[in-house]
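For clarity, every value in this text was computed on a predicted model and none was experimentally measured. For the numbers below, each heavy atom of this structure counts, side chains included, while hydrogens, waters and symmetry mates do not.
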Amino acid sequence: MIELLAGYGDQLALVDVAGVRRKINIGLLDEGPLEAGTWVIIHMGFALERVDAAGAEQAMGGLKLMGSGVDEDATAG
C-alpha cells in the first residue's frame with residue numbers, strides 16, 4: 001500500500017500493483033488501520049487479506065503458475 005485516500009469513509013487506498021498505481025477498497029479488512037508499506041492480497045479491487053512480503057511473493061508465484069501473473073515481457077521496456 002502506498003497511502004490511504006482522504007474521504008471515502010476511510011475505505012480507499014492507493015496501491016502499487018507491479019508498478020501500476022491503483023485505487024482499492026480496504027473496507028473488508030478488519031484488523032485495524034493500514035500503514036504505508038503494508039502488503040495485501042487484492043481481488044477485483046478489494047483488499048482481502050494482509051500478508052508479509054513472503055506471503056505476497058508466494059501469492060504471485062501461484063498466479064504465475066496459473067498464467068494470471070504479471071507478463072514480464074509486457075512490462076519490460
Would you say the side chain of V17 lies within less than 4.5 Å of the side chain of V15, judging by non-hydrogen atoms?
yes
Going by the salt bridge (Lys or Arg N to Asp or Glu O under 4.0 Å) test, which pairs reach into residues 5-27, not counting sequence neighbours?
none
Is M66 reachable from M60 through a run of hydrophobic residues whose side-chain heavy atoms are each under 4.5 Å from the next?
yes
Roughly how far apart are M1 CE and I26 CD1, rounded to 0.5 Å?
6.5 Å
Pairs touching residues 49-62 that satisfy salt bridge (Lys or Arg N to Asp or Glu O under 4.0 Å), sequence neighbours left out:
E31-R50
Please set out all donor-acceptor pairs under 3.5 angstrom arising from side-chain atoms of residues 34-48, sequence neighbours excluded.
{"residue": "T38", "atom": "OG1", "partner": "E35", "partner atom": "N", "Å": "3.3"}
{"residue": "T38", "atom": "OG1", "partner": "E35", "partner atom": "O", "Å": "2.7"}

Looking at V51 and A56, what are the two nearest heavy atoms and their distance?
CG2-N, 3.8 Å
What verdict does the side chain to side chain contact (heavy atoms under 4.5 Å, CB included) test give for N25 and L12, after you've listed the backbone C-alpha separation in whole Å, the side-chain angles of each residue and the deciding distance to 0.1 Å?
CA-CA 5 Å; N25 186 299; L12 284 186; 4.3 Å; yes
